[in-house]
Amino acid sequence: MTQRKVAVVGVSLSDCGRVDEATPYALHAQAARRALADSGLDRTVIDGFASAGLGTLAPVEVAEYLGLRPTWVDSTSVGGSTWEVMAAHAADAIAAGHANAVLLVYGSTARADIKAGRRTGNLSFGARGPLQFEVPYGHTLIAKYAMAARRHMHEYGTTLEQLASVAVQARANAALNPDAMFRDPITVDDVLSGPMIADPFTKLHCCIRSDGGAAVLLAAEEYVQDCRTAPVRVLGTGEHVSHTTMSEWPDFTVSPAAVSGRTAFQRAGVGPQDIDFAEIYDAFTYMTLVTLEDLGFCEKGEGGAFVEKGRLKVAGGDFPVNTDGGGLSAQHPGMRGLFLLVEAVRQLRGEAGPRQVHRPDGHLPELAVASGTGGWFCSSGTVVLGRGMS
């Protein structure tokens, strides 16, 4: 059986940032409508649907809310990497002929829930299953990332200043994004002098908390000619889960992106040296640094030196990362992996405005990678995207 090529044909965000009046369902719907309009396709072509994080029977409830009756569904839920993993599943289904067009959609009022004092806004992961052996010791999700960062500092001499530079460069990119939640410049000293959250992370080492939603529509190659926008092809994907308890994580300095990235590049037939820019899950500064290492953009232990010289910036950097400002400055409503795909597609299409990435020859970028991380480095999904259908 001939495998069909698969393209991202529609992307969009809902209203993001401070959205006090909308429900999560409304943000799902807003993002979905906008992505469909972006594609130029009719909603009747959608026969696949993927969603997670909302409702008792996700994605059944969200599909019903959107008026969809899909014949292919995915409710994979592995934290922030959910959407890259779902994109991989959707691309495989479309390539095999099990679906023609699959809609991925997410929406969250994470910030508004906290502001309104809703109990659901700040629930923990609980203490069932393997977590029961760690919860009594009191370390939070943030503390787990902080411990991993400290290990990297111990093993490789990574400095607080190098980690802080990740936040500074994310904010510089956000300054070029009119939709970013925080755009005022920050310095390394600003990051280091902020209130401590979990040693070594001060406030600006940590992602913001926002409201918002996103949607991505993938379709088979035969639908591309009917689309309003230029296609962005899914070239290769990879996924990996490594652990849930910290005691089962063999090496705090290696993330699951080391496996998912290698797989995605192999399937795409390209290498890290071919990539023009990257969208990387950045709930904390350390995530960006270690994921860059594990995707092969620098050697293990050299992430600090790689990030400290401003190379992650759209303006003046030689390898732009998190071009919209990332979760550290643009928006982070929870499982942010879908936002990485939206930004990567917009960049490849040349639709990013003041933050648009260009190759050294002045042309638009050709290849991008989006890599999401879930839990506390528990899971990873990586997607390699290319401009056009060739």
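Between the side chains of D189 and S193, no donor N or O sits under 3.5 Å from an acceptor N or O. Between the side chains of S329 and R171, at least one donor N or O lies within less than 3.5 Å of an accepting N or O. Looking only at atom types and distance, the side chain of T323 has a donor-acceptor partner in the side chain of Q347 under 3.5 Å away. A side-chain N or O of T44 and one of D42 form a donor-acceptor pair less than 3.5 Å apart.
You'll find the side chain of E64 stays beyond 4.5 Å of the side chain of V60, heavy atoms only. Contact annotation: the side chain of T109 approaches that of P24 to within less than 4.5 Å [non-hydrogen atoms, C-beta and beyond]. In this structure the side chain of T245 never reaches within 4.5 angstrom of the side chain of F133, judged on heavy atoms. Considering only heavy atoms from C-beta on, P365 comes within 4.5 Å of Q356 through its side chain.
The aromatic rings of F201 and F284 sit parallel to each other, their planes meeting at less than 30°, with 60° as the upper class boundary. F377 and W249 have tilted rings, their planes meeting at an angle from 30° to 60° on a 0 to 90° scale. The aromatic rings of F319 and F297 lie tilted to each other, with the angle between the two planes from 30° to 60°.
Nearest heavy-atom pair across W83 and A50 is CZ3-O, 4.1 Å. Considering every non-hydrogen atom in both Y106 and G334, the closest pair reads OH-CA, 3.5 Å. Taking both residues in full, the closest heavy atoms of P200 and M153 are given as CG-SD, 4.1 Å, listed atom of the first, atom of the second, then distance. Nearest approach of L217 to A101, heavy atoms of both residues: CD1-CB, 4.3 Å.
With respect to D15 and R34, a salt bridge is recorded, a charged nitrogen being found less than 4.0 Å from a carboxylate O. Remark: D294 does not engage R262 in a salt bridge, criterion side-chain N to carboxylate O under 4.0 Å. Using a cut-off of 4.0 Å between Lys/Arg side-chain N and Asp/Glu carboxylate O, D38 and R349 are scored as salt-bridged.
Side-chain atoms of E221 come within 3.5 Å of backbone N or O of K5 as a donor-acceptor pair. A distance-only check finds a donor-acceptor pair linking the side chain of E61 to the backbone of L57 [under 3.5 Å]. When atom types are taken as modelled, the side chain of Q331 and the backbone of G212 share no donor-acceptor pair closer than 3.5 angstrom. With hydrogens and angles ignored, the 3.5 Å screen pairs a side-chain donor or acceptor of T229 with a backbone N or O of V9. Using a distance-only test at 3.5 Å, with no hydrogens or angles considered, a donor-acceptor pair links the side chain of Q169 to the main chain of V307.
Geometric assessment of R209 against the ring of F182 yields a negative cation-pi assignment under the 6.0 Å and 45° thresholds.
Separating the CE atom in M246 from the CE atom in M147 is a distance of 4.0 Å, to the nearest 0.5 Å. Note that the CG atom of L328 and the CE atom of M287 stand 9.5 Å from one another [nearest 0.5 Å]. The OG1 atom of T288 sits 6.0 Å away from atom CD1 of I280, with the distance rounded to the nearest 0.5 Å. With values rounded to the nearest 0.5 angstrom, L289 atom CG is found 8.0 Å from S165 atom OG.
Annotation: Q273, atom CD; neighbour count of heavy atoms from other residues, nucleotides and ligands within 6.0 Å is above 12. Counted within 6.0 Å of CD on E222, heavy atoms from surrounding residues, nucleotides or ligands total more than 12; the atom is thus considered enclosed.
Just one residue in the list V383, L385, V6, L367 forms a side chain to side chain contact (heavy atoms under 4.5 Å, CB included) with L235, and that residue is L367. Remark: of the listed residues V369, N322, L348, V321, L348 is the sole one forming a side chain to side chain contact (heavy atoms under 4.5 Å, CB included) with F277. Just one of Y286, F252, Y145 meets the ring-ring contact (aromatic ring centres under 6.0 Å, His included) condition when paired with H152; it is Y286.
Residues V216 and W72 share a single hydrophobic cluster, defined by chaining ILVMFWY side chains whose heavy atoms lie under 4.5 Å apart. Linking Ile, Leu, Val, Met, Phe, Trp and Tyr residues whenever their side-chain heavy atoms come within less than 4.5 Å leaves L104 and L41 in two separate clusters. Both L341 and V102 are assigned to one and the same hydrophobic cluster, defined by single-linkage of ILVMFWY side chains at heavy-atom distances under 4.5 Å.
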D20/R111 under salt bridge (Lys or Arg N to Asp or Glu O under 4.0 Å): CA gap, chis, key distance, verdict: CA-CA 8 Å; D20 290 315; R111 174 202 153 273; 2.9 Å; yes
For R336 and D324: C-alpha separation, side-chain torsions, deciding distance, then whether salt bridge (Lys or Arg N to Asp or Glu O under 4.0 Å) applies. CA-CA 13 Å; R336 191 180 177 271; D324 62 346; 2.9 Å; yes
